[in-house]
Amino acid sequence: MSVITLRVNGQTRTVDVDPATPLLYVLTDDLELRGPKFGCGLGQCGACTVIVKGEAVRSCSVPVQSVAGAEIITLEGLGSPENPHAIQQAFIDGQALQCGFCISGVVMTAKALLDKTPNASDAQIRQAMSNVLCRCGAHVRMLAAIKKYQQQRLERRTA
Amino acid sequence: MTPLLTPDARAELSRRDFMKRSGALVVAFSAARVASDLGLARATVSAQGINGVGSPQLDSWIAIGTDGRVTAYTGKCELGTGLYTAQLQLVAEELCVPMDRVTLIQCDTSMTPDQGTTSGAQSHPTNFNHANLALACATAREALVQLASKRLGVPVEQLAAADAAVAVRGDASRRATYSELIGGQTFNLQLNPKAQRKPASEWTILGKPVPRVDFPAIVTGRFEYVHNVRVPGMLHGRVVRPPALGSTLVKVDEGSVQGMPGLVKVVVRKNFVGVVAEKMWQAEQAARRLKAEWTPGRTVPDQRTFHQHLRSQKATRDVMTVDSGDVDTTAGGGTVLRSTYHHPFQMHASVGTACAVADVQATRATIYSATQAVWPLRNTMATMLGLKPEEVRIVFRMGSGCYGVNGADTVSYDAALLSQAVGRPVRVWLSRQDEMSWENYGPAFVVDQRVALDPSGTIVAWDYESWTLSLGGRPGYNAPGNVVTGNLAGFQPQGVQPRSPAPAPTSFDNGSNTAPSYVTGTVGNRSGGCGVVKSERALTHTIESPFFTGPLRSPARLQNTFAHESFMDEIAAHVKADPVEYRLRHLRDPRLRDVVTAASQKAGWDRRPSPRNGNGTRRSGVATGRGMACVLYEGDNGYCALVAEVDVNLSTGLVTVKRCVAAMDCGPISNPDGVRNQMEGGIIHGISRALREEVTWSGERVTSVDWRTYRPWYLGDHVPVIETVLINRPDAEAMGAGETAITVTAAAIGNAIFDATGARVRQLPFTADRVKAAIDGKA
Ligand code: FES
Ligand code: FES
């Protein structure tokens, strides 16, 4: 066990864990965050995605010690039910999910892409989402919500 | 509304408030079994037939708080399909209150009526027709109006309920609020089968595209899934499954994990093995490290020849759905066509692996579970744990979308066995491999089809014969061995009792869509089918499966519909008829005809026979085609027709679905956007299963154990344009909406591939290799 300091959603959190513990387990159990989910533990589905230093990262496949001190953002770090982030609002407006278990992978991956590449082409969006899984088949609405958020984001910047 | 709270958390709070204000409202739900005597639980659709029967007591369903808030209790839970929101709409509508004045409590054996299993297509018919929750709401509204009549001294005809009060029509000043009428007290009434539902023409909440109430919490990471349930003192468990099918435990070497950090206990019960540790990561490492010796497994017949194996088994259980007794003679005369279709084993493969939290003490147990069946699970859990059913409480918490019996029940047993062994609460979530290797797969099918045509090309006889497999399934109220954990702990799964020949049918039950839509479905002097073909036979043989099997979204209905609708297309092509026109020629059910017409019109269907002119002979480039398929789901539970348009790369066999147009009729629409979401999701799920999904195995092991070896449709994969047409039937019975579109997807795609290429692919999934082989193999 070792004491590790994390920066999560703008707060400093200290945990005492085996440094090899996957970041996901620390987020869900030690910090009791509900956004990132366990889907496979293999880096194959995206359900555990968080944003670390601006990159979409699969928290199931990252030992917690490797992100000590780095800025980590989870789904709950974007917005709240009363005040959702624009990308979250786009998903609510489009009713773009079903069970929602996959949603961290979808929202965090898309957000990280569009933060870096605001003008991402459809092909680039598809590429970024190529390893994100939704089994309820909400694909069409999800892609539409991502596009809508992208457009709003571009309009805001030019406004 | 406090949006930060999940629906469940809100419900829990409000129940506590309610109890405080009203005095304990504890209704003996077990007495609910007598409800069937009152004729309450059964409507006309067969979906109602599933075990739990609700409750005849109004107080089991509806309570009015001293503040006038309505609390409703339902035995049908949210599985990700939108049912929670739709039920809120129903209660708010029938009781004439705004939605935010309703608290809905779902699936908790300490509070809600026993409604058996929540399975995709059955909740809408069960709770939205003149029974169960809907009838409870109507009974409550009439009771409130009667109370107001007494209180105000005005006859009921002059009163109307609105906004949580009953007022004199035309004189809103003379009114009594629900709170004044009965707040905090019980109704002490039985559900009244004569209570009047609000006519759909007066709906202002039901029937509207109300947004899902749970989405804000879900998309902002506040929603409590079962994975997020935390109980004080909770430990973490992992299971160690056998290395192969049929392996049994020889011994466990506890020394192999001795001294591992956080390890609490190694638990063994017959062939069930698990570890409990302080933390999840520790449990996972201990489970990996633990040395256990197992007997060799049982070899499964070779996957490449499995379908031949399946159809050659002799000890089968046979079911005859319909038999006019004359198919052989009718088929003797004119043109006879035959085809055989193959469907693989497929799995639920939820995005999240299954998870449960159990707290098992000496004489009581509480289990938080994403099960579809809290009441049945309570009974089998009691059996597993050696407790009385009334000592067990099962509380539903949503999990990852399940699509049928995924790992939710088995992991509930896992958590409970581990908790019982350590005397503390334990959470278990399964590894991806544990879940995929051992879940209850949707079974493989082989279907032989044969028809006879008259000289005009009209079908005069249809003969269907299929072979499928079964082992275990839903645990129900008394078979914990139907899923892997129960079996490992020593309980037997339901196998297959051979029975051949099949007894003659006593009524036409097309619940598995065994008979095609085109036959009359005549048993005795009743014709329950949708079609006109009088000479008919549908016979199914079931053998014992090497894997656990269970309901997977559109169980058997999808496999059968693939075979029926593909074959119908082959017949139409043989007689050079347009596939839509040819279907209509053989259909008499007006509602099925309507969805076929609506989908084809919306799609701009070009009337002509398949394959598309000239496509039959091309060998390179990309060919386009369109295909149609339709179904009356379960023979009485939702109509759907789908037109699929595809591109097929003739050199590689790669299929791209470009556009899907679906028309659906599920009776009165409770939430049009919810229905569309289900249709779209069903189609994408259907594309994934039609083009990619197949359980694989080798020797004694399943080899599709992660997302590389069982690869579904990802967000980045090509998705078609999807258009949906809803046919609303306000005066009809509510039918299922969640499993109808997926049922027709594979067939519509297969028919489009044929239209594009002239090649018929009779085996799912339509992988590029298989499609390419079919193109190359054409004469
Ligand atoms: S849980 Fe991390 S990618 Fe699947
Ligand atoms: S919404 Fe259920 S897995 Fe995506």
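Just so we're clear, the structure is a prediction, and the values are computed from it rather than from any experiment. Residue numbers start from 1 in every chain, and the chains themselves are labelled A, B, ... in the order their sequence lines are given, proteins ahead of strands.
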Report the distance from atom [atom1] of [X] to atom [atom2] of [Y], rounding to the nearest 0.5 Å.
X: A:Cys99; Y: B:Asp214; atom1: SG; atom2: CG; result: 10.5 Å
X: B:Gln282; Y: A:Tyr25; atom1: CD; atom2: OH; result: 12.0 Å
X: B:Tyr714; Y: A:Cys102; atom1: OH; atom2: SG; result: 12.0 Å
X: A:Cys40; Y: B:Glu435; atom1: SG; atom2: CD; result: 12.0 Å

Only pairs of heavy atoms separated by less than 4.5 Å count here; which of [options] has the most with chain A?
options: B:Gln433, B:Met234, B:Arg711, B:His685; value: B:His685
options: B:Arg553, B:Glu78, B:Gln285, B:His718; value: B:His718
options: B:Ile684, B:Leu715, B:Leu430; value: B:Leu715
options: B:Thr353, B:Ile722, B:Asn677, B:Asn228; value: B:Asn677
options: B:Ser431, B:Pro209, B:Gly82, B:Ala349; value: B:Ala349

In terms of heavy-atom proximity below 4.5 Å to chain A, should [X] be classed as side chain, backbone, both, or neither?
X: B:Asp673; answer: both
X: B:Glu278; answer: neither
X: B:Ile742; answer: neither
X: B:Arg212; answer: both

With a 4.5 angstrom heavy-atom cut-off, is it the side chain or the backbone of [X] that approaches chain B, or both, or neither?
X: A:Leu33; answer: backbone
X: A:Ala20; answer: both
X: A:Glu32; answer: side chain
X: A:Val26; answer: neither

Specify which of [options] makes the most heavy-atom pairs with chain B at under 4.5 Å.
options: A:Lys37, A:Arg126, A:Gln44; answer: A:Gln44
options: A:Leu78, A:Ile92, A:Val106, A:Thr21; answer: A:Thr21
options: A:Val107, A:Ile125, A:Leu143, A:Val17; answer: A:Leu143

Checklist entry - Does any N or O in the side chain of A:Glu76 come within less than 3.5 Å of the main-chain N or O of B:Arg222, such that one atom is a donor and the other an acceptor? => result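 No; judged by distance alone, with no hydrogens or angles, the pair does not exist.
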Item to check | Backbone of B:Thr81 reached by a side-chain donor or acceptor of A:Gln98 within 3.5 Å | outcome: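 No, A:Gln98 side chain to B:Thr81 backbone: no donor-acceptor pair under 3.5 Å.
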Next on the checklist: Does any part of the side chain of A:Leu75, heavy atoms only, come nearer than 4.5 Å to the side chain of B:Thr220, both counted from C-beta?
Outcome noted: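 No; the side chains remain at least 4.5 Å from each other.
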Checklist entry - What residues of residues 127-138 of chain A sit under 4.5 Å from chain B when only non-hydrogen atoms are counted? => result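 Within residues 127-138 of chain A, the residues under 4.5 Å from chain B are A:Met129, A:Ser130, A:Asn131, A:Val132, A:Leu133, A:Cys134, A:Arg135, A:Cys136, A:Gly137.
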Checklist entry - Ion pair present between B:Arg427 and A:Asp29, side-chain N to carboxylate O less than 4.0 angstrom? => result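 Salt bridge between B:Arg427 and A:Asp29, a charged N being under 4.0 Å from a carboxylate O: yes.
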Item to check | Short N-O contact, A:Asp30 and B:Lys279, less than 4.0 angstrom | outcome: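 Result for this pair is yes, salt bridge flagged.
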Next on the checklist: For B:Arg289, is the CZ atom crowded, meaning more than 12 foreign heavy atoms sit under 6.0 Å from it?
Outcome noted: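 Not buried by this count: 12 neighbours or fewer within 6.0 Å.
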Next on the checklist: Around atom NZ of B:Lys658, are there more than 12 heavy atoms from other residues, nucleotides or ligands closer than 6.0 Å?
Outcome noted: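 Incorrect, the count does not exceed 12.
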Tell me the closest heavy-atom pair linking [X] and [Y], and the distance in Å.
X: A:Arg141; Y: B:Arg676; value: NH2-CB, 3.7 Å
X: B:Val719; Y: A:His139; value: CG1-CB, 3.6 Å
X: B:Asp706; Y: A:Leu42; value: CB-CD1, 3.7 Å
X: A:Phe101; Y: B:Gly352; value: CE2-CA, 3.3 Å
X: B:Val219; Y: A:Ile103; value: CG1-CG1, 4.1 Å
X: B:Ala217; Y: A:Pro81; value: CA-CG, 4.3 Å

Checklist entry - Between B:Phe215 and A:Phe91, does the ring centre distance come in under 6.0 Å? => result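 No; A:Phe91 has its ring centre 6.0 Å or more from that of B:Phe215.
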Checklist entry - Between B:Trp429 and A:Phe38, what is the ring plane arrangement, given parallel below 30°, perpendicular above 60°, and tilted in between? => result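 Geometry flag for A:Phe38 against B:Trp429: parallel rings.
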